[in-house]
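Each remark here refers to the structure printed beneath this line.
Computed from a prediction, not measured in an experiment: that's the story for all the values here.
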Amino acid sequence: MEMRVTKALQGGDGHLTLDIALDLPPGSLTVLSGPSGAGKTSILRMWAGLLKPDAGTLRVNGDVWFDAAQRVNLPPQKRSVGLVFQEYALFPHLSVRENLAFAAGMETPLIDELLEVFQLTQLQARRPRRLSGGQQQRVALARALVRKPRLLLLDEPFAALDPELKDDVRQILRQLHQTWDLTTLLVSHDPLDAFWLADRAFQLQSGKCVEVPIPRTAYVVSTDAARQEMQVALEIQLRTLPLANDVPPPGTRLVWNGADSRQEKGSEDKPRDQPSRDDCEGGKLSFEQQQKRNDNDADVQ
Amino acid sequence: MEMRVTKALQGGDGHLTLDIALDLPPGSLTVLSGPSGAGKTSILRMWAGLLKPDAGTLRVNGDVWFDAAQRVNLPPQKRSVGLVFQEYALFPHLSVRENLAFAAGMETPLIDELLEVFQLTQLQARRPRRLSGGQQQRVALARALVRKPRLLLLDEPFAALDPELKDDVRQILRQLHQTWDLTTLLVSHDPLDAFWLADRAFQLQSGKCVEVPIPRTAYVVSTDAARQEMQVALEIQLRTLPLANDVPPPGTRLVWNGADSRQEKGSEDKPRDQPSRDDCEGGKLSFEQQQKRNDNDADVQ
Amino acid sequence: QPLRIAVAASLGLPLQEIVDSFARERVEKPTLVVASSGVLTAQITNGAHFALFISADTLYPHTLWQQQRTDGPPQVLAYGQLALWCRYPLENQDINVLLPGNQIKKIAIAQPQLAPFGKEAVRWLRAQRLYDTVWPKMVYGENVGQVNRLIQAGAVDAAFTAASARASSIGQKGYWQTLPQEGGIAHSMVVLKGLTAAERQTTQALLAYFRTPTARTILEKWGYLAP
Amino acid sequence: MTFSWEPLWLSFKLALVTTLVLLLIGLPLVYLLHFRRGRGQVIGQALISLPLVLPPTVLGYYLLVLMSPENGLGRWLDDWFGWRLVFSFPGLVIGSVIYSLPFMINPILSALEGVSTVYEEVAYTLGKSRLTTFVRVLLPMVRASVVVGAVMTFAHTIGEFGVILMIGGSIPGETRVASIAIYNEVEMLQYDAADRYALVLLLFSFVVLLGVYTYQNRRTARVI
Amino acid sequence: MTFSWEPLWLSFKLALVTTLVLLLIGLPLVYLLHFRRGRGQVIGQALISLPLVLPPTVLGYYLLVLMSPENGLGRWLDDWFGWRLVFSFPGLVIGSVIYSLPFMINPILSALEGVSTVYEEVAYTLGKSRLTTFVRVLLPMVRASVVVGAVMTFAHTIGEFGVILMIGGSIPGETRVASIAIYNEVEMLQYDAADRYALVLLLFSFVVLLGVYTYQNRRTARVI
Ligand SMILES: Nc1ncnc2c1ncn2[C@@H]1O[C@H](COP(=O)(O)OP(=O)(O)OP(=O)(O)O)[C@@H](O)[C@H]1O
Ligand SMILES: Nc1ncnc2c1ncn2[C@@H]1O[C@H](COP(=O)(O)OP(=O)(O)OP(=O)(O)O)[C@@H](O)[C@H]1O
Ligand code: MOO
Ligand SMILES: [Mg+2]
Ligand SMILES: [Mg+2]
């Protein structure tokens with residue numbers, strides 16, 4: 001899937017011209033970040049067919065979705081995208097379940113599954129206006145996913161979630177993305193989204209998409225002296241990381257990048273594949289970045 | 001300002017009864033966090049007079065805002081609050097400037113000042129629908145501030161901002177909060193909000209507000225060995241902290257809590273009071289947590 | 001303020017002409033207020049200020065007289081004549097065969113309960129022993145004005161209306177026949193109470209003018225019979 | 001003529017049929033006008049309200065000319081289908097539909113302008129056609145205005161007189177509806193009978209309106 | 001009586017004044033009904049649409065009786081203020097206002113139901129009263145429906161006949177509006193003049209409607 005388009009927008013400070021070259025390899029998860037008003041949402045809207053580029057092309061696995069020269073502009077209906085709007089945009093007259101059912105176009109067991117994993121089962125009969133912000137956001141995510149779209153477009157889909165839920169939802173998304181072989185473009189301000197989820201990361205700066213490295217470095221505390229100094233830092237840092245509440249017991253080895261560093265012996269830890277709340281009983285911890293589907297990563301592991 | 005109320009809500013998993021005891025000392029900034037659907041927004045709405053508690057009292061500097069026993073319920077208009085809604089709720093028929101002017105009730109130079117500090121000056125003639133998510137959020141903040149309300153109620157006011165802007169806006173808020181002697185209740189999922197801004201922090205758990213400690217520990221890299229180990233970690237960590245892009249040059253001493261540790265000599269740093277983008281020329285860095293207005297903090301410094 | 005005269009719609013045109021010629025001889029030109037007789041009666045009962053009320057029948061003026069709203073009993077201004085209009089030629093055909101026939105699908109008639117021309121038409125049909133065969137074809141207008149409108153629209157095949165309509169543009173349409181009846185339909189008028197002296201004077205002058213040859217000629221030109 | 005239930009029943013039937021027909025015709029028209037932005041929409045909107053500016057009897061006359069078997073459309077219908085619309089109940093329905101068109105369409109159309117386009121956009125990305133979006137998303141969101149359109153159509157048709165008189169011909173049991181009966185009573189100075197008709201119309205309509213608005217209010221309360 | 005511009009001008013004046021008066025009266029009524037939820041609102045909504053179910057002439061007859069100087073209210077007005085409403089322009093305005101009330105109020109009221117309550121809430125926290133919120137926030141947000149209400153009132157008053165015939169009395173220059181003039185011409189078999197009036201009404205109204213909707217469309221385009 002490749003986007004080569006230009007689009008003139010009215011930016012925050014005068015004119016802003018997007019000049020985007022952005023490839024989304026099938027099955028990949030790409031994170032896009034950039035300052036407020038840079039045009040991230042506009043890029044998603046162009047992918048979805050809701051905003052017409054001024055020029056350029058948009059091709060998806062050989063299909064032409066948009067071509068200014070040939071006057072091709074596939075309507076959003078035919079693009080098989082799932083878009084989570086920044087403002088959720090749930091249908092106010094439909095209950096949670098009806099929102100999903102309408103999106104699916106039929107009753108499918110998937111609706112119940114998604115309600116379940118997003119912890120919405122008990123809320124399914126409610127109208128969106130009677131939901132909290134985070135609950136609405138999860139409904140929006142579930143609604144976009146229920147069609148198993150070819151291209152999943154997410155506009156800051158975790159912004160209203162608390163850190164623990166954010167972690168859960170990231171994990172769900174990672175799983176579904178993999179199982180259903182989705183291609184995903186995720187707009188996010190949170191660098192941890194890139195860290196935990198992304199195959200590639202782009203930064204949108206003055207109208208251009210620039211690839212940026214994803215932090216994949218290991219964070220190893222081995223010496224005692226360093227550990228002591230780190231201890232205090234971790235308190236802050238962990239609150240910003242998915243596993244929030246628990247400070248690792250002294251001597252724990254933290255592994256942040258899975259490439260070649262499996263978790264080493266801590267005091268009483270067992271190796272785990274994914275960080276999750278259930279793993280944190282009694283201060284046991286395991287940090288490991290998700291195994292990426294990137295080939296170059298895979299053969300290292 | 002003290003809240004002692006109970007309120008039965010329909011929670012995410014069955015019934016949820018809020019039983020809140022929350023004091024906001026005048027001039028303080030309190031951060032409230034908690035899982036999605038825990039009732040944070042509902043607490044703000046009760047402060048604002050938009051949601052009626054089932055029982056209890058709400059007193060502000062001697063005035064009774066709500067008293068279930070005495071059937072007192074001051075309408076929102078008389079409460080002098082500024083509320084930033086989670087969904088912004090900008091008036092769609094008014095331009096950015098008109099939104100602020102309507103809130104102010106008159107033309108005041110403050111409107112221009114707020115537009116300026118929130119980088120909205122060039123957008124002032126636009127309708128909200130033509131703004132990006134982050135731009136809308138800043139307008140909502142400016143609109144709540146323009147009345148210099150007695151009580152400022154913020155519902156995840158930085159969620160749609162990129163990390164750098166978030167940092168700027170935090171700083172603006174900190175300044176205004178101090179200059180105007182506001183009392184602020186900030187709902188946030190981001191632990192860094194507490195770190196940078198809060199006097200006190202509360203966690204909402206199963207209907208109760210529990211005070212939690214704010215991380216105030218220093219993060220000092222002194223030994224060379226530790227520095228090297230840290231280096232890689234910083235790459236990740238800095239992206240989640242307000243000063244995002246710059247990795248400090250080797251040997252820089254990072255000070256994260258201002259209490260007793262002023263910045264020590266780095267390679268070529270000068271001490272600064274506040275972290276800000278302008279301070280970061282040529283990789284010069286200074287980290288220091290804001291001087292709190294807490295008395296116990298103040299006399300240490 | 002000019003004298004105001006309430007005139008039943010079907011008499012509007014001849015009255016306008018009479019009043020115009022009256023105004024040429026006198027200074028004052030009375031104003032005509034034209035509506036259906038029933039509406040005018042309701043308005044008079046509720047305080048409308050008219051000097052003279054000219055109805056398309058005698059019933060409404062009579063009612064007002066009984067209510068003691070008038071200055072004296074009703075007097076007849078003119079007699080209207082009933083006419084049959086038909087889409088198809090009438091001269092050589094027997095109406096008694098034509099009307100019940102298949103050609104005639106709809107016959108327009110004024111509401112017999114309200115409109116004297118309607119009542120007269122029903123009476124004529126009964127006299128011809130046509131009513132029972134013809135009534136299912138009937139459609140009703142509020143008054144003859146409405147019946148004339150139906151003729152003009154070409155929506156009916158036959159209609160009972162006032163002979164005066166022949167003097168208008170629909171006179172060119174289709175075929176007409178004035179139906180013989182005894183005396184015709186009396187159009188009566190009453191002078192109303194509460195007039196100023198000047199108004200009363202002009203009214204009397206107008207009443208007198210109605211009896212002049214000029215006025216009679218105008219009435220007859222429009223298909224009415226002067227008493 | 002004295003009081004009879006027949007004209008009342010006819011009025012009710014006419015109002016009900018007109019309202020249903022207008023929902024069937026009006027909603028597609030709303031669809032066309034809503035999605036056809038620009039000049040076409042403006043002209044369409046202006047045309048729809050145009051019949052209103054004619055006095056009902058005049059509008060009725062023009063409809064009569066149009067439907068009359070003597071002229072174009074009427075003759076064509078008569079020749080080909082043997083339909084005579086003038087002086088028949090279906091003709092009344094057609095007249096009432098045309099006359100009440102703006103009452104049905106305008107409120108819905110203006111309410112749709114207040115709905116954020118984001119809901120349309122979501123529906124499109126979910127693969128829904130315009131039609132599905134209109135029927136399943138937009139219309140339910142402006143349900144209150146659809147109800148108001150239907151209510152005004154219904155009430156207005158109950159009270160409609162001029163058009164019906166012209167194209168209906170006041171045939172008892174077929175086209176003599178309550179409004180004509182009641183008007184006749186007034187003209188005949190039979191105020192008692194007129195009052196009785198009026199009272200029945202008012203009471204009955206009040207009950208219907210009350211029912212509709214109560215239902216409507218209850219549903220709204222559930223939404224918000 | 002032949003074609004004259006006077007009745008047309010009177011119709012236009014009446015429609016304009018009625019629309020303005022209805023904006024002045026209708027918007028406060030909308031305010032009351034919108035904020036008065038529950039039973040009161042339902043009854044109010046039903047009552048407003050009620051005059052519609054009476055044929056205009058019959059409604060006009062009852063208004064005539066009400067305003068007549070021989071009866072209660074009319075006599076009272078006459079005795080105390082020397083006002084005579086029947087057969088006067090102000091009387092026509094009153095009649096038209098009552099008759100067009102639902103066309104103004106219903107669309108606005110139903111559109112308000114579609115506006116999220118969050119905007120009200122924001123305004124309250126900004127210290128704005130209900131009235132300010134209504135005037136500065138809610139009404140502008142449903143502007144399209146206010147325009148439609150005004151358009152329907154205007155058009156309907158131009159075409160209004162029955163009520164005006166009854167309480168106006170066809171006084172030239174004062175109460176003989178275009179619809180009455182057309183009626184008179186028709187009754188006097190002057191069909192040419194009637195057609196001419198109708199044509200002018202149609203053309204003129206079409207231009208007005210086109211103008212209003214174009215303006216409206218342009219403003220909406222700016223909003224979205
Ligand atoms: N409908 C619109 N019409 C005109 N300009 C628009 C419209 N929507 C957005 N813009 C402008 O285009 C620019 C890009 O907007 P966009 O919503 O794509 O930004 P973004 O990167 O998503 O920002 P954020 O992170 O704040 O959501 C912004 O400066 C915005 O003001
Ligand atoms: N209008 C409403 N009517 C009924 N229940 C509601 C309403 N609004 C919210 N709730 C429920 O009350 C609970 C608390 O909602 P609230 O919005 O206060 O949560 P929150 O802490 O702000 O969550 P989030 O972080 O997701 O915004 C939720 O479970 C929600 O489903
Ligand atoms: O003029 Mo009439 O009253 O219709 O017979
Ligand atoms: Mg955006
Ligand atoms: Mg919330």
- [ ] Could you pull out the closest heavy-atom pair between E/Ser110 and E/Pro107, with the gap in Å?
- [x] OG-O, 3.1 Å
Open item on the list: Between E/Ser96 and E/Val163, is there a side-chain heavy-atom distance shorter than 4.5 Å?
Closed with: no
Task: Taking every non-hydrogen atom, the tightest pair across E/Leu210 and D/Ala46 - done: CD1-CB, 3.8 Å
Open item on the list: So which residue, E/Gly162, E/Ser49, E/Gly114, ends up with the most heavy-atom pairs under 4.5 Å with chain D?
Closed with: E/Ser49
Task: side-chain hydrogen bond (donor to acceptor under 3.5 Å, both in side chains) against E/Tyr119, all qualifying residues, sequence neighbours excluded - done: none
Open item on the list: Quick check on the interface: out of E/Ala194, E/Pro51, E/Ala198, who has the most heavy-atom pairs with chain D under 4.5 Å?
Closed with: E/Ala198
Task: When E/Asp195, E/Leu112, E/Leu109 are compared by non-hydrogen pairs under 4.5 Å with chain D, the top option - done: E/Asp195
Task: Closest contact, heavy atoms only, D/Ser170 versus D/Arg176 - done: OG-NE, 3.1 Å
Task: Atom pair CD1 (E/Ile98) and CG (E/Leu22), whose distance is rounded to the nearest 0.5 Å - done: 10.0 Å
Open item on the list: So if I apply the side chain to side chain contact (heavy atoms under 4.5 Å, CB included) rule between D/Thr175 and each of D/Val86, D/Leu92, D/Leu165, which one comes out positive?
Closed with: D/Leu92
Task: Residues of residues 146-154 of chain E with any heavy atom under 4.5 Å of a heavy atom in chain D - done: E/Val148, E/Val151, E/Met152
Open item on the list: Under a 4.5 Å cutoff for heavy-atom pairs, which residue among D/Ile182, D/Leu201, D/Ile180, D/Val186 has the most contacts with chain E?
Closed with: D/Ile182
Task: Contact check, side chains of D/Met141 and D/Val137, non-hydrogen atoms, under 4.5 Å - done: yes
Task: Between E/Ser116, E/Ser179, E/Ala155, the one whose heavy-atom pairs under 4.5 Å with chain D are most numerous - done: E/Ala155
Task: E/His156 and D/His156 aromatic ring geometry - parallel, tilted or perpendicular at 30°/60° bounds - done: perpendicular
Task: Structural part of E/Glu160 lying under 4.5 Å from a heavy atom of chain D - done: neither
Task: Toward chain D: residues of residues 53-62 of chain E with heavy atoms under 4.5 Å - done: E/Val53, E/Leu54, E/Pro55, E/Pro56, E/Thr57, E/Val58, E/Tyr61, E/Tyr62
Open item on the list: Using side-chain heavy atoms (C-beta onward) and a distance below 4.5 Å, is D/Tyr31 in contact with D/Leu139?
Closed with: no
Task: Contact check, side chains of E/Tyr99 and E/Thr18, non-hydrogen atoms, under 4.5 Å - done: no
Task: Residues of residues 5-17 of chain E contacting chain D, heavy-atom criterion under 4.5 Å, by residue number - done: none
TODO: Name the member of D/Ile43, D/Ile108, D/Asn106 that forms the most heavy-atom pairs with chain E at distances under 4.5 Å.
DONE: D/Asn106
Open item on the list: Are the side chains of D/Leu202 and E/Leu50 in contact, using a 4.5 Å heavy-atom criterion?
Closed with: yes
Open item on the list: Which residue in the set D/Glu120, D/Glu113, D/Arg130 passes side-chain hydrogen bond (donor to acceptor under 3.5 Å, both in side chains) when paired with D/His34?
Closed with: D/Glu120
Task: Backbone N/O of D/Ser4 and side chain of D/Tyr197: donor-acceptor pair under 3.5 Å - done: yes
- [ ] Can you see which heavy atom on D/Ser145 is nearest to which on E/Ala111, and at what distance?
- [x] OG-N, 4.0 Å
- [ ] Could you have a look at D/Val142, D/Leu47, D/Val212, D/Val208 and say which one has the most heavy-atom pairs with chain E under 4.5 angstrom?
- [x] D/Leu47
Task: Main-chain N/O of E/Val122 paired to E/Thr125 side chain as donor or acceptor, under 3.5 Å - done: yes
Task: Test log, rule side chain to side chain contact (heavy atoms under 4.5 Å, CB included), inputs D/Leu23 and D/Met104 - done: CA-CA 8 Å; D/Leu23 282 170; D/Met104 179 64 88; 3.6 Å; yes
